Asks: 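Pasting in a structure now, in structure tokens, and then I'll have a few things to ask.
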Amino acid sequence: MPGKFITVEGGEGVGKSTNIRFISDWLAQQGIDHLCTREPGGTPCAEKIRELLLAHHEEELDATAELLLIFAARAQHLNRVIRPALESGRWVLCDRFTDATYAYQGGGRGIDRDNIALLENLVQGMLRPGMTLILDIDPELGMTRAARRGELDRFEREQAGFFDKVRSTYLELARATPDRYRVIDASAALDQVQRDIAAVLTELL
Ligand code: Z5A
């Protein structure tokens, strides 16, 4: 692909949105034409699936149904937005992608990793992010930050053990493929976090 595909990952309240704005400004300063997007979501139909995934329902959402909804949204987003942008040479900066599925549905919900890999291959073919920044933080601190924003969504109401598994899955992914992942200590002061991110972006250029 002529464009580069960068994803930003991490648990609740790690500062993805805050730092995606920083990365976008940084790329703009380098004159790099790019698109900021997010998952689940990124197209009108995929955003509707996001609403369904984040809302509280009287009927408990089955873990396999949740997984399939995430990949349905991803197929729509990938084929209508991400792939065309990369093919045209634009960079794509995405707030979460399939690593979140390994972390939340795999680590958190306990879905077999091979089944996630099956859907990943079906939906994405060979396409994978070129660089993934994992903003790493103690889940307790992340939840404190997330709680400041008001009402908690369906994922944010999970128990502490769920978020510990999410975090350890992200760190396992990073250890297994060090070329693609960069783990950033997101518990540091924001200006330090952003210096660390800028160093990774410089390396990418
Ligand atoms: N999900 C899934 O299960 N499977 C999948 O495959 C995918 C997603 C793709 C929605 O994601 C949910 O979807 C998500 C997993 C699931 N779970 N939840 N919830 P989301 O990314 O939209 O939701 P989120 O994790 O809650 O992200 P967020 O709400 O956008 O938070 P954030 O972007 O990481 O944090 P922030 O808003 O930038 O920062 C939070 C606060 O901390 C804010 O007040 C900042 O000013 C402050 N902050 C940030 N950095 C710092 C530092 N360094 N110091 C001090 N304070 C800071």
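Ligands are counted one by one from 1 in listed order, and the atoms in each one are counted from 1 as well. All figures in this text were calculated on a predicted structure; none of them were measured in a lab. Below, each value reflects all heavy atoms present in this structure, side chains not excepted, and no hydrogens, waters or symmetry copies.
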Asks: With backbone taken as N, CA, C and O and side chain as the heavy atoms from C-beta onward, which portion of L54 lies under 4.0 Å from ligand 1: side chain, backbone, both, or neither?
Replies: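 It is the side chain that touches ligand 1; the backbone stays farther off.
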
Asks: When you measure from atom 29 (O) of ligand 1 to every protein heavy atom, which one gives the shortest distance, and what is it?
Replies: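 Here the nearest protein heavy atom works out to R149 NH1, 2.6 Å.
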
Asks: Enumerate the atoms of ligand 1 whose separation from the nearest heavy atom of Q105 is less than 4.0 angstrom.
Replies: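 Under 4.0 Å from Q105, ligand 1 has these atoms: 2 (C), 3 (O), 4 (N), 5 (C), 6 (O).
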
Asks: Identify the protein heavy atom lying closest to atom 30 (O) of ligand 1, giving its residue, its atom name and the separation to 0.1 Å.
Replies: S17 OG, 2.8 Å

Asks: Taking 4.0 Å as the limit for heavy-atom contacts, which would you say applies to A188 with ligand 1: side chain only, backbone only, both, or neither?
Replies: backbone

Asks: Consider every N or O of I70 and every N or O of ligand 1, then say whether any pair is closer than 3.5 Å.
Replies: no

Asks: Where does I20 meet ligand 1, judged by heavy-atom distances below 4.0 Å: at the side chain, the backbone, both, or neither?
Replies: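 Neither; nothing of I20 gets under 4.0 Å from ligand 1.
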
Asks: Where do A85 and S88 come nearest, in terms of heavy atoms and distance?
Replies: O-OG, 2.9 Å

Asks: With a 4.5 Å limit on heavy-atom distance, are the side chains of R38 and E47 in contact?
Replies: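 Yes - at least one pair of side-chain heavy atoms lies under 4.5 Å apart.
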
Asks: At their closest point, which heavy atom of F155 faces which heavy atom of L53, and how far apart are they?
Replies: CE1-O, 3.8 Å

Asks: Determine, considering heavy atoms only, which of M143, R154, Q194, E12 sits nearest to atom 17 (N) of ligand 1.
Replies: E12

Asks: Taking the six-membered ring of F97 as reference, does the NZ or CZ atom of R74 fall below 6.0 Å from its centre and within a 45° cone about the axis?
Replies: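 Because its charged atom sits under 6.0 Å from the ring centre and within 45° of the axis, R74 does stack over F97.
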
Asks: Does some non-hydrogen atom of D99 fall short of 4.0 Å from ligand 1?
Replies: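 Under 4.0 Å: no for D99.
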
Asks: To which of F71, F97, Y104 does the heavy atom nearest atom 15 (C) of ligand 1 belong?
Replies: Y104

Asks: Return a yes/no value for E39: is any of its N or O atoms, backbone included, closer than 3.5 angstrom to an N or O of ligand 1?
Replies: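 No, no N or O pair falls under 3.5 Å.
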
Asks: Give the atoms of ligand 1, by number and element, whose distance to some non-hydrogen atom of P40 is under 4.0 Å.
Replies: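 Those qualifying, in numeric order: 7 (C), 8 (C), 9 (C), 13 (O).
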
Asks: Does T18, backbone or side chain, put an N or O under 3.5 Å from an N or O of ligand 1?
Replies: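 There is such a contact, yes.
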
Asks: Is the terminal nitrogen or CZ of R167 (NZ for Lys, CZ for Arg) located under 6.0 angstrom from the six-membered ring centre of Y170 and within 45° of that ring's axis?
Replies: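 Geometry flag: not set, cation outside 6.0 Å or 45°.
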
Asks: Using a strict 4.0 Å cut-off to heavy atoms of L190, name the atoms of ligand 1 that fall inside it.
Replies: 50 (N), 53 (N)

Asks: Taking side chain to side chain contact (heavy atoms under 4.5 Å, CB included) as the definition, give me every residue that meets it alongside L122, ordered by chain and number, with sequence neighbours left out.
Replies: L119

Asks: Considering only heavy atoms from C-beta outward, does the side chain of M1 approach that of L127 to under 4.5 Å?
Replies: yes

Asks: With heavy atoms of T101 as the reference, note each atom of ligand 1 found under 4.0 Å away.
Replies: 5 (C), 6 (O)

Asks: Against heavy atoms of D153, which atoms of ligand 1 measure under 4.0 Å?
Replies: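 Numbered from 1, ligand 1 contributes 18 (N), 19 (N).
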
Asks: Between the candidates R145, R109, E158, E156, which shows the shortest non-hydrogen contact distance to atom 47 (C) of ligand 1?
Replies: R145

Asks: Which atom names give the shortest non-hydrogen contact between F163 and Q159, and what distance separates them?
Replies: CD1-O, 3.4 Å

Asks: Short N/O distance, under 3.5 Å, between R148 and ligand 1?
Replies: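 No - when backbone and side-chain N and O of R148 are compared with those of ligand 1, no distance drops under 3.5 Å.
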
Asks: Find all atoms of ligand 1 within a distance of less than 4.0 Å from any non-hydrogen atom belonging to R74, and give their numbers and elements.
Replies: 6 (O), 9 (C)

Asks: Is it the case that over 12 heavy atoms from other parts of the model lie below 6.0 angstrom from the CD atom of E60?
Replies: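 Incorrect, the count does not exceed 12.
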
Asks: Does A146 come within less than 4.0 Å of ligand 1, judged by its heavy atoms?
Replies: no

Asks: With a 3.5 Å cut-off and no angle check, do the side chains of Y181 and E9 form a donor-acceptor pair?
Replies: no

Asks: Checking the N or O distance criterion of under 3.5 Å, is ligand 1 in contact with V14?
Replies: yes

Asks: Considering only Ile, Leu, Val, Met, Phe, Trp and Tyr, and joining two whenever side-chain heavy atoms are under 4.5 Å apart, list the other residues clustered with L141.
Replies: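 Once heavy-atom contacts under 4.5 Å are chained together, L141 belongs with I6, V8, V14, I20, F22, I23, W26, L27, I32, W91, L93, M131, L133, L135, I137, I184, V193, I197, V200, L201, L204, L205.
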
Asks: Within a distance under 4.0 Å of any heavy atom of D95, pick out the atoms of ligand 1 and give their elements.
Replies: 21 (O)

Asks: Please tell me if atom 6 (O) of ligand 1 is touched by the protein, where touching means a protein heavy-atom distance below 4.0 Å.
Replies: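 At least one protein heavy atom is under 4.0 Å away.
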
Asks: Check the surroundings of atom NZ in K16: do more than 12 heavy atoms from other residues, nucleotides or ligands lie under 6.0 Å from it?
Replies: yes

Asks: Consider side chain to side chain contact (heavy atoms under 4.5 Å, CB included). Of C45, C94, P40, which one does H77 pass it with?
Replies: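 Answer after filtering C45, C94, P40: C94.
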
Asks: Pick whichever of R38, R50, R96, K16 has a heavy atom sitting closest to atom 22 (O) of ligand 1.
Replies: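 Looking at heavy atoms only, R50 sits closest to atom 22 (O) of ligand 1.
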
Asks: Is any NZ, NE, NH1 or NH2 atom of the basic residue among D153 and R50 found under 4.0 Å from an Asp or Glu carboxylate oxygen of the other?
Replies: no

